[in-house]
> 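Before I ask anything, let me first share the structure, which is written out below as structure tokens.
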Amino acid sequence: MSATDRLHGTLDALVLKALSSGPRHGFGVLRWIAERTNDLVQVEEGSLYPALYRMERDGWLVAEWGVTDQGRRAKFYSITAKGRRQLAAETRELKAFIAAIGPVLLPA
């Protein structure tokens, strides 16, 4: 897997994981990722929204319009069964990647 593919795969996995507990709008996904990574991972909107559209096109997500807690109209994304399978695959690949590079970069 190329570095670009790995980067996309990591973003995809984070987004799918954020949605695995229920629907969220784009800003909610950004906030979830930032909170879970102690603000170490900051995904830019310019990266998130193309990824959301691509994942929706690929059938990993479905979207519907709704209203946020602040009363704003927003698109809410939900993970599909295909998206859950993709999340499992991405998670396996990330675990294998970390297992391979961990001993090299973080020797005991």
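Just so it is clear, the values below take in all heavy atoms, side chains as well, and ignore hydrogens, waters and symmetry mates.
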> Indicate, with yes or no, if Ile98 and Leu16 share a hydrophobic cluster defined by side-chain heavy-atom contacts under 4.5 Å among Ile, Leu, Val, Met, Phe, Trp and Tyr.
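Different clusters: Leu16 never reaches Ile98 through Ile, Leu, Val, Met, Phe, Trp or Tyr contacts under 4.5 Å.
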> Hydrophobic clustering (ILVMFWY, side-chain heavy atoms < 4.5 Å, transitive) - are Val62 and Val29 grouped together?
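No: no chain of side-chain contacts under 4.5 Å links Val29 to Val62.
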> Given the rule that I, L, V, M, F, W and Y join up when any side-chain heavy atoms are under 4.5 Å apart, are Phe97 and Leu105 in one cluster?
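Yes, it is one cluster - the side chains of Phe97 and Leu105 are joined through contacts under 4.5 Å.
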> Compare every heavy atom of Leu48 with every heavy atom of Gly26, then report the nearest pair and how far apart it is.
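Closest approach of Gly26 to Leu48: O-CD2, 3.3 Å.
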> To the nearest 0.5 Å, tell me how far Leu61 CG sits from Tyr53 OH.
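Going from the CG atom of Leu61 to the OH atom of Tyr53 covers 12.0 Å.
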> May I ask you to test the Lys95-Thr91 pair for a side-chain heavy-atom distance under 4.5 Å?
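Heavy-atom side-chain distance check passes, below 4.5 Å.
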> Once you round to the nearest 0.5 Å, how far does NE2 of His25 lie from CG of Leu52?
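Answer for the NE2-CG pair, His25 versus Leu52, is 12.0 Å.
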> Could you give the side-chain donor-acceptor pairs of residues 74-85 under 3.5 Å, partners two or more places apart or in another chain?
| unit_1 | atom_1 | unit_2 | atom_2 | d |
| --- | --- | --- | --- | --- |
| Thr80 | OG1 | Gly59 | O | 2.6 |
| Thr80 | OG1 | Trp60 | O | 3.1 |
| Thr80 | OG1 | Lys82 | N | 3.4 |
| Thr80 | OG1 | Gly83 | N | 3.0 |
| Lys82 | NZ | Asp58 | O | 3.0 |
| Arg84 | NH2 | Ser20 | O | 3.3 |

> With a cut-off of 6.0 Å (strictly less than), are more than 12 heavy atoms of other residues, nucleotides or ligands near OH of Tyr49?
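Count over threshold, so yes.
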> Starting from Val104, can I reach Leu106 by hopping between I/L/V/M/F/W/Y residues whose side chains sit under 4.5 Å apart?
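Result: no, two separate clusters.
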> Looking only at atom types and distance, does a side-chain atom of Ser47 sit under 3.5 Å from a main-chain N or O of Val43, one as donor and one as acceptor?
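It does not hold such a pair.
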> Given Arg72 and Val67, is the side-chain contact (heavy atoms from CB on, under 4.5 Å) satisfied, shown in steps?
CA-CA 5 Å; Arg72 295 188 178 132; Val67 178; over 6 Å; no
> Testing the basics here: between Ala18 and Arg24, what is the closest heavy-atom pair and its distance to 0.1 Å?
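Heavy atoms only, the tightest pair is O-NE, 2.8 Å.
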> Can you tell me how far apart CD (Gln42) and OG1 (Thr37) are? Round to the nearest 0.5 Å.
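Interatomic distance, Gln42 CD to Thr37 OG1, rounded to 0.5 Å: 6.5 Å.
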> Using side-chain contact (heavy atoms from CB on, under 4.5 Å), reason through Gln86 and Asp12 one step at a time and then give a plain yes or no.
CA-CA 9 Å; Gln86 185 63 30; Asp12 291 353; 5.6 Å; no
> Check Leu87 against Ala13 and note the closest heavy-atom contact, atom names and distance.
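It is CD1-O, 3.5 Å.
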